[in-house]
Structures are given as C-alpha cells and as structure tokens.
Amino acid sequence: MLSQSERIKIAKRVAEELQEGEVVNLGVGIPTLIPDYLGDMKMFLQSENGLLGMGPTPTEDDIDMDLISASKKPITFDVGASLFDSSDSFLMIRGGHIDVAVLGALQVDETGEVANWAVPGETILGVGGAMDLVAGAKRMIIASIHLSKDGNPKLVKKLTFPTSGIRKADMIVTEHAVFKFREGKMYLVEILSDISIKQLREITEAKFIS
C-alpha cells in the first residue's frame, strides 16, 4: 500500500507541471491532494460536480460537508469561486474549456491510452466524468501508484481493462518515475525514488525509452 508521503510526492510532482492561469480538473484519489501544494500559483481548479475555484483542504475545524469535491472530499473556496449545475460543468469539459485534467488510472498502456473507470468482473459504480475528461481536456496528466493493490503493473503493453477513450495521456507520474508519451511511445523523463532503471523495467510491463 502506498504511504501518504508517497501520495503527496506524486501530487507535488504533478503540481510542478501546472501553469499560472490554467483551468485544471482534478480527478478522484491522488489528484485531490494537489490544491495543497500549489504555493502562490493562481489557477482555476474545476470540480465536475459544479465548482470552479477550489482552494486548499480545510482544517478539521473548518470542514463543511456541504462543500465537497466530485470525490466527496471536503474543500474550501478560492477567492472568486463560482458554483453551477452539473450540466454546465460538463459543458465546460465537453466544450474544450479545461486546460488540464489530472486523473487517476487503473491501467495505462505504452502509447498513453488510459483505462480508469471499470474493472472486468467487478461492479461498475458509474463512469463519472472519466470519458468526457479524456476526450475534452486539452492536456491529460495521470497521477497513479505504479502497481495495483494485487501487485500487478499498471503501466502495461496493452490495456486489458475497458478503455476510457482513444485520446492519449500526455504524462504519467507515479511514486517511482515520470513518463511522457510522444507519437505513440513512452519516455522515461525522471526517476523519483531510490530505484534503478533495471528495477523500474521489472515492475513496468510497458516498454519505455530511457
């Protein structure tokens, strides 16, 4: 199981990829940690349940469960935040108004294709905004643990889980490494843990160029 410090490491590294003024949608899981590590950088954090302008995580004394993200986590409002209904939220997503989507993943193949909404043989709770964000965001960053809970690689040669769309991710950040996808190939750009490239290849089914 990934420790909280490793989850934070992933969130901090993804935060380095975000730019001032961008509209950024944060998915379920590790992406929800990102608002706490943006420093003074001003951007517009969008939640698909109808919010533009998420702020940092509230303290325990300030939690108001009427203010939650799409991940059902307590949030704060940034200055100038706005609320709207779900249909307007998806209009923003489908209309191409989201600069960056930061999503979790069940699998990512070596071309950058993402599966993040269903596990074969298990109950499907709902697609949520996964497919809309994959198709609609201008840039897609995956924030994910490197191995699944049962120890299988999440970075695979070919998806065995249902795809979230033909649109490819631009980048994936795990507790061990940062990879970018260009022209159907996967490139190692940074190692984040005390691991050798040989060891990284052993836990990464997908072929990557180092």
Side-chain angles (χ1 to χ4, degrees), residues 2-106 114 116-117 125-145 164-165 167 169-175 178:
L2 201 66
S3 69
Q4 184 66 2
S5 63
E6 287 176 311
R7 291 163 58 85
I8 289 171
K9 177 172 68 173
I10 295 171
K12 285 182 174 180
R13 182 60 184 81
V14 173
E16 294 177 14
E17 296 295 317
L18 305 180
Q19 299 177 16
E20 190 92 13
E22 288 184 320
V23 177
V24 181
N25 179 282
L26 301 177
V28 175
I30 294 170
T32 62
L33 301 173
I34 290 173
D36 295 337
Y37 303 103
L38 294 175
D40 296 329
M41 190 160 47
K42 176 65 177 175
M43 61 186 59
F44 304 94
L45 301 181
Q46 194 250 13
S47 181
E48 69 192 45
N49 60 329
L51 166 67
L52 186 66
M54 277 190 291
T57 304
T59 63
E60 287 192 14
D61 292 337
D62 293 328
I63 288 176
D64 178 353
M65 288 310 293
D66 285 332
L67 307 180
I68 59 171
S69 68
S71 305
K72 299 181 176 61
K73 300 292 185 182
I75 58 170
T76 57
F77 288 167
D78 202 355
V79 175
S82 59
L83 296 170
F84 36 86
D85 67 26
S86 183
S87 61
D88 286 336
S89 180
F90 276 85
L91 184 66
M92 292 174 65
I93 295 168
R94 295 170 183 172
H97 304 292
I98 304 299
D99 294 308
V100 187
V102 185
L103 304 172
L106 298 168
V114 177
N116 70 347
W117 67 278
L125 299 177
V127 176
M131 293 181 179
D132 296 279
L133 287 162
V134 167
K138 296 174 184 175
R139 189 157 59 104
M140 179 172 33
I141 300 174
I142 303 300
S144 174
I145 60 176
S164 299
R167 166 80 183 285
D170 297 281
M171 178 179 188
I172 180 168
V173 179
T174 77
E175 72 271 28
V178 179

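One distance of note links CG of Leu2 with CD1 of Ile8; it measures 10.5 Å at 0.5 Å rounding. Once rounded to the nearest 0.5 Å, the distance linking CE of Met54 with CG of Leu67 reads 12.0 Å. Of the inter-residue distances, the one linking Leu18 atom CG with Met43 atom CE reads 4.5 Å to the nearest 0.5 angstrom. To the nearest 0.5 Å, atom CD of residue Gln46 and atom CD1 of residue Ile98 are 4.0 Å apart. For the atom pair OG1 of Thr32 and CZ of Arg7, the computed distance is 6.5 Å after rounding to the nearest 0.5 Å. With values rounded to the nearest 0.5 angstrom, Ile30 atom CD1 is found 11.0 Å from Lys9 atom NZ.
Looking at every heavy atom in both residues, Val114 comes nearest to Ala105 through CG1-CB, 4.2 Å. Contact detail for Ser144 and Ile172: the closest heavy-atom pair is CB-CD1, 4.5 Å. Here the closest heavy-atom approach between residue Val100 and residue Glu22 is recorded as CG2-OE1, 3.6 Å. Scanning all heavy atoms of the two residues, the minimum distance from Val28 to Pro31 falls at O-CD, 3.4 Å. Heavy atoms only, all atoms of each residue included: Arg167 and Ala135 are closest at NH1-O, 3.9 Å. Smallest separation of non-hydrogen atoms from Ile63 and Met65: CG2-SD, 3.7 Å.
Using a 4.5 Å heavy-atom cutoff, the side chains of Leu38 and Leu45 are in contact. At a threshold of 4.5 Å between non-hydrogen side-chain atoms, the residues Asn116 and Ile142 do not count as touching. Phe84 places a side-chain heavy atom less than 4.5 Å from the side chain of Leu52. Side chains of Leu133 and Leu103 form a contact here, defined as non-hydrogen atoms less than 4.5 Å apart. Counting heavy atoms from C-beta on, the side chains of Ile75 and Leu51 come closer than 4.5 Å. Using a 4.5 Å cut-off on side-chain heavy atoms (C-beta onward), Lys73 and Thr57 make no contact. At a threshold of 4.5 Å between non-hydrogen side-chain atoms, the residues Glu17 and Val102 do not count as touching. Within the 4.5 Å cutoff, side-chain heavy atoms of Pro35 are placed close to those of Leu26.
The backbone N or O of Gly129 lies less than 3.5 Å from a partner atom in the side chain of Glu48, making a donor-acceptor pair. Although no hydrogens or angles enter the test, the distance criterion places no donor-acceptor pair under 3.5 Å between the side chain of Asp36 and the main chain of Pro56. A donor-acceptor pair under 3.5 Å is absent between the side-chain atoms of Asp170 and the main chain of Ile141, judged by distance alone. When atom types are taken as modelled, the side chain of Asp85 and the backbone of Asp88 share a donor-acceptor pair closer than 3.5 angstrom.
Heavy-atom contacts from other residues, nucleotides or ligands closer than 6.0 Å to CD of Glu60 number 12 or fewer.
In the model, Ser47 has a side-chain atom that pairs as donor or acceptor with a side-chain atom of Asn49 under 3.5 Å.
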* Pair Val14-Tyr37, side chain to side chain contact (heavy atoms under 4.5 Å, CB included): steps then yes or no -> CA-CA 9 Å; Val14 173; Tyr37 303 103; over 6 Å; no

* Kindly indicate, with the supporting measurements, whether the criterion side chain to side chain contact (heavy atoms under 4.5 Å, CB included) is fulfilled by Ile145 and Glu175. => CA-CA 6 Å; Ile145 60 176; Glu175 72 271 28; 4.0 Å; yes

